[in-house]
Engineer: 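Next up is a structure, given as structure tokens.
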Amino acid sequence: MSAGGCDGAADRRADVSAEEGRAGSSLPAVELPRKRKGDMEERLSVDCKMEDDLSRSEEEDQQVKIRCFREPHRQIEKRRRDKMNNLIDELSAMIPACQPMAQKPDKLTVLRKAVQHLKALKVGTSSAFADSTNKPSILPQDDLRQLLLRQAADGFMLVVSCDRAKILFISESVSKILNFSLLELTGQSLFDFIHPKDINKVKEQLSSWEYPQEHIIDAATGVQVQTDAPVRPTHLSSGAWRSFFCRMKHSRVAGKLEEKHLLPCTAKKKDTSRYCTLHCTGYMRSCPSSQLNSEGDAEKETTSLSCLVMLCRPLPHGSPQPPKHINAKPSAFVTRCAIDGKFTFVEQQATTVIGYLPQEVLGTSCYEYFHQDDLHHLAEKHRQVLRSKEKIETQCYKFKTKYGSYVSLQSQWFSFTNPWTKEVEFIVSSNRVMSRGPGHMRDEEAGRLKAMQEETKQIPIIPSLSNGVGTMIYAGSIGTQIANELIDSYSRVNSSPSSGASSPFGSTNEKCPLVSPPISTSASSGGGAASSSSQSDSRTAAGASSATADSSGEVSQLDLDGMVVPALSSFSSDEAAMAVIMSLLETEVNVGQSGDYEDLHWPF
Amino acid sequence: MTADKEKRRAISREAARRRRRVESEVFEDLSRLLPLQQSVRDHLDKPSVIRLTLSYIRMHTLLTGKTGTKAEASHKVKCGQVTDGQMVRHEFNGGCGEEEEKERYDADASKETNMYLRILEGFMMVLSTEGDMIYLSDNVSKYMGLTQAELMGHNIFEFSHPCDHEELRNNLRVTAEEVWSGGKRDFVMRIKSALTHRGRSANLKSATWKVLHCQGRSKVCVAPSSVSCLLLTCQPLPLSHTLLSTQTFTSQHSMDMRFTYCDQRMTLLLGYSTEELLGRSIYDLCHTRDTNCLTKNHFNLCFKSQSVSGRYRMLVRGGGYVWVESHSAVIPNARSSKSRPSANQPLCILCVTYVLSGVEEPSLQLSLDQTVHI
């Protein structure tokens with residue numbers, strides 16, 4: 001077997017071997033460059049038509065190129081030969097008979113061994129691969145079914161009658177998924193196994209042709225299409241597609257460890273059944289009902305029954321898992337803040353740590369709870385996380401609980417950047433309690449901290465404030481200011497303002513249906529950024545309109561106004577004044593230029 | 001050139017021809033052993049014959065490479081079937097040996113399989129860890145425009161979008177833990193489709209990209225030889241014939257996932273009014289722990305134009321949350337477009353969201369939006 005060398009040489013060797021009856025041996029590859037060249041040219045001119053070594057699809061290719069391009073043709077030849085050799089190598093690796101050979105077998109030998117191997121395989125299998133229609137298939141049908149259903153689709157097939165949801169057929173693979181045997185399921189009503197709250201949904205899917213209107217989406221426009229004409233069953237019975245989710249009971253009797261892997265079930269207290277969420281997709285079909293209604297519904301003998309033929313698959317394991325499974329420790333919780341540090345999401349576990357209920361802290365700035373000693377370092381981390389794609393670890397810091405004491409936390413912060421606009425929209429914080437021991441810590445900590453507080457009652461240094469005018473009340477504005485810095489940087493990058501609707505979409509020119517997001521960060525205008533941030537910043541959406549009204553180029557000052565104005569309404573008046581002053585100090589460059597402050601709602 | 005040399009050349013030419021004939025015969029033998037339709041067999045070139053042989057052998061290894069044997073898989077089956085309106089029960093014990101019954105069993109299996117493939121609305125693919133498409137179900141031609149025989153044995157990387165290669169590679173890797181538990185796979189990839197919009201097969205050179213949702217698991221066979229592969233079902237993601245039920249709603253978003261529209265059902269199911277939602281980001285409405293899931297979904301939409309989100313939690317107005325799953329696609333923004341679609345037509349995201357559960361933890365208010373009173 002030639003090692004990627006001259007095919008001619010290999011053939012010659014094989015020929016010699018065959019003639020001498022030594023099918024197994026092979027001579028070492030001999031490089032005969034000069035001869036190869038001559039040989040090839042000869043072969044090309046004389047035998048190209050009979051050259052059936054070449055794959056047919058490339059034959060035309062080769063013939064066209066013969067006359068004109070000798071050099072590239074050699075490369076094409078070589079590539080083809082290499083491909084063939086690779087295939088032969090792969091084949092010999094798969095054939096047991098070729099394994100123990102001392103030297104690599106040649107092509108013909110490998111092929112012959114392959115023939116023998118296939119024959120042996122066929123002898124092993126009991127049936128031919130042909131199915132009843134004599135259509136041969138690469139895989140035996142039963143194996144295909146097993147592979148498909150049990151392994152790939154990991155689901156089961158279900159046929160239910162549409163009138164009473166009787167289970168007409170269910171495939172064997174259901175036992176692995178729901179832990180019921182076929183005996184327990186076949187012939188039963190499907191509704192006995194569906195979660196009570198999903199029964200109506202399933203009913204609708206089974207009988208929806210009775211309703212005059214169908215809710216179908218036209219994918220081209222995204223608009224719901226409503227057909228007013230009543231739809232007759234026969235019209236739908238061939239090929240009407242259904243796709244829905246429902247929860248089905250699964251039995252604990254066969255309870256193996258597999259249960260843990262089955263996806264989130266709502267274990268209700270009253271009903272001890274556990275449910276598994278399934279995605280059911282399939283078609284409506286009409287089946288002749290002669291034997292199906294053997295329970296004695298004589299009237300239905302001759303009418304054709306409609307049934308739904310579905311493939312049911314449990315939902316795959318995704319990253320979302322119920323809270324119970326992640327961070328079972330009560331001392332860890334997740335929060336989400338807007339870019340200025342205001343809480344927008346707080347997990348319930350937080351209450352055991354910080355004492356507040358989520359609704360008590362939502363909307364307030366995290367800085368209000370930070371101990372003054374930690375303000376500086378946390379502000380720095382805040383700045384850092386807004387600019388970084390990495391997770392930022394804070395040091396240990398103190399968080400003020402509802403009771404006035406402090407709890408020691410350590411957090412991991414991560415800023416979320418919108419994949420489309422590439423702007424930071426919020427920060428996710430994964431917080432854990434740092435305590436050396438259970439329970440006692442808090443009191444000890446609290447006591448110590450109290451002592452610390454009393455002895456070091458100093459005015460916190462709020463970054464960028466020239467004199468120590470601020471007190472703890474202004475802590476909240478730190479976050480705002482840091483957020484403003486970010487907004488500034490966005491608006492500085494975007495030199496041209498444009499409405500949010502057009503710029504992110506402007507740069508798409510990929511071939512349909514692909515969409516490429518804008519490459520630069522100037523995807524969205526400063527106005528857009530301001531509006532998005534101000535929305536996340538404050539509760540009122542009123543600020544958005546004022547922000548987008550800005551359209552001039554040197555907008556940083558006006559943007560801040562857009563930012564600040566809505567924010568003002570949520571601050572106390574002193575805080576508000578402070579914030580405005582701070583922002584003005586920050587951007588004193590623009591103070592002289594755009595002197596229009598009439599839109600500002602000065603609180604004093 | 002001497003007569004001697006001439007003669008030698010003639011001999012070598014003759015030998016070459018003979019060699020090629022012998023080789024062709026062996027190729028013929030090989031292709032005849034492959035279970036293929038004659039029409040397919042006639043059009044196979046030599047590399048294809050080897051490719052298909054490889055697939056055959058690999059699949060065989062895969063199927064027999066269990067702790068039990070193939071017999072275990074094939075015979076230990078009890079099934080109830082509806083065939084021609086009759087309830088038929090087959091029960092096979094090992095070694096039943098009746099040829100007729102076996103044939104009928106196979107026929108039923110084949111019907112069942114065909115039905116599965118049809119309701120699956122997709123095809124099946126078995127991938128080696130190097131990405132070779134060891135096996136494809138024969139309906140692959142309906143989705144890719146190329147037949148099973150043309151594709152089997154080729155490498156998926158030749159047919160998938162280069163930007164998806166890394167994700168593919170990650171999915172192909174089978175980790176040690178997965179050997180025994182069968183790691184699940186769920187991802188979206190773009191694949192070349194030689195189908196024209198009319199459903200005809202065109203040349204691969206003019207192929208377009210088709211988005212496929214691939215789900216399945218990894219499988220490792222330990223004996224006789226160690227083979228690991230991925231078993232996947234591949235489905236295109238159609239939104240066009242989705243029958244919306246009461247627990248499903250649609251919404252439209254700008255490309256940054258801010259709401260631009262949602263239908264009434266969302267208000268019924270989640271409590272938010274349309275006005276409240278316009279301009280809000282979907283990320284604000286969902287449980288923070290699901291941020292990754294949503295981000296991945298968003299990425300898929302931006303780069304591949306279609307996505308299935310997997311399960312995540314949407315917060316309900318007033319408290320608690322529901323588990324949902326969204327199927328989304330990027331579509332031209334029909335509302336603001338003019339009559340003719342242009343290259344710079346604004347795009348938007350259309351989501352069909354299925355509510356999977358009831359409201360959980362209804363008393364919990366976790367986010368700002370839930371507490372806001374307008």
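All chains are named by letter (A, B, ...) in the order of the sequence lines, taking the proteins before the strands, and each is independently numbered beginning at 1.
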Engineer: At their closest point, which heavy atom of A:Arg336 faces which heavy atom of B:His287, and how far apart are they?
Structural biologist: NH1-C, 4.4 Å
Engineer: Under 4.5 Å heavy-atom distance to chain A, tell me which part of B:Ser309 shows up: side chain, backbone, both or neither.
Structural biologist: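 When you check distances to chain A, no heavy atom of B:Ser309 falls under 4.5 Å.
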Engineer: Locate the shortest heavy-atom distance separating A:Glu425 from B:Ser281; write the atom from each residue and the value.
Structural biologist: OE1-OG, 3.6 Å
Engineer: About how many Å separate CH2 of A:Trp420 and CE of B:Met257, when rounded to the nearest 0.5 Å?
Structural biologist: 12.5 Å
Engineer: Would A:Thr277 and B:Glu325 count as a side-chain contact (heavy atoms from CB on, under 4.5 Å) if you check the C-alpha gap in whole Å, the side-chain angles of each, and the deciding distance to 0.1 Å?
Structural biologist: CA-CA 11 Å; A:Thr277 308; B:Glu325 178 171 300; over 6 Å; no
Engineer: Assess the residue pair B:Thr288 and A:Thr335 against the criterion (side-chain contact (heavy atoms from CB on, under 4.5 Å)); give the C-alpha distance rounded to whole Å, side-chain angles, the decisive distance to 0.1 Å, and a yes or no.
Structural biologist: CA-CA 7 Å; B:Thr288 303; A:Thr335 58; over 6 Å; no
Engineer: Hey, are the side chains of B:Gln247 and A:Glu204 touching, using non-hydrogen atoms and a 4.5 Å cut-off?
Structural biologist: no
Engineer: Considering only heavy atoms and a distance below 4.5 Å, find which of B:Leu232, B:Val355, B:Leu54 pairs most often with chain A.
Structural biologist: B:Leu54
Engineer: Looking only at non-hydrogen atoms, find the nearest pair between A:Pro419 and B:His298 and report the distance.
Structural biologist: CD-ND1, 3.2 Å
Engineer: Taking all heavy atoms of B:Pro47 and all of A:Lys83, pick out the closest pair and write down the distance.
Structural biologist: CB-CE, 4.3 Å
Engineer: Got a second to check how far A:Glu423's CD is from B:Asp256's CG, nearest 0.5 Å?
Structural biologist: 9.0 Å
Engineer: Just give me the residue among B:Val26, B:Thr295, B:Val22 that pairs up with chain A most often, heavy atom to heavy atom, under 4.5 Å.
Structural biologist: B:Val26
Engineer: Applying side-chain contact (heavy atoms from CB on, under 4.5 Å) to B:Ile50 and A:Met84, what does each step give before you reach the verdict?
Structural biologist: CA-CA 9 Å; B:Ile50 302 189; A:Met84 178 59 85; 3.5 Å; yes
Engineer: Please classify the contact between B:Thr291 and chain A as side chain, backbone, both or neither, with a heavy-atom cut-off of under 4.5 Å.
Structural biologist: side chain
Engineer: Looking only at heavy atoms and a cut-off of under 4.5 Å, which of B:Thr53, B:Leu30, B:Val126 has the most pairs with chain A?
Structural biologist: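 The candidate making the most pairs under 4.5 Å is B:Leu30.
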Engineer: From A:Leu311 CG over to B:Thr233 OG1, what is the distance, rounded to the nearest 0.5 angstrom?
Structural biologist: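 With rounding to 0.5 Å, CG (A:Leu311) is 8.0 Å from OG1 (B:Thr233).
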Engineer: Would A:Thr281 and B:Glu121 satisfy side-chain contact (heavy atoms from CB on, under 4.5 Å), going step by step from the backbone distance to the final call?
Structural biologist: CA-CA 9 Å; A:Thr281 55; B:Glu121 286 268 314; over 6 Å; no
Engineer: Under 4.5 Å, counting heavy-atom pairs only, tell me which of A:Asp198, A:Leu111, A:Thr417 racks up the most with chain B.
Structural biologist: A:Leu111
Engineer: Would you compute the distance between atom CD1 of A:Ile95 and atom CD1 of B:Ile57 and round it to the nearest 0.5 angstrom?
Structural biologist: 5.0 Å
Engineer: How are the rings of B:Tyr354 and A:His279 set relative to one another: parallel (under 30°), tilted (30 to 60°) or perpendicular (over 60°)?
Structural biologist: tilted
Engineer: Less than 4.5 Å to any heavy atom of chain A: does that hold for the side chain of B:Leu356, its backbone, both, or neither?
Structural biologist: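 Both parts, backbone and side chain.
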Engineer: Roughly how far apart are B:Tyr283 OH and A:Phe426 CZ, rounded to 0.5 Å?
Structural biologist: 7.0 Å
Engineer: How long is the span from the CZ atom in B:Arg289 to the CZ atom in A:Phe345, to the nearest 0.5 Å?
Structural biologist: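 Here the interatomic distance stands at 8.0 Å.
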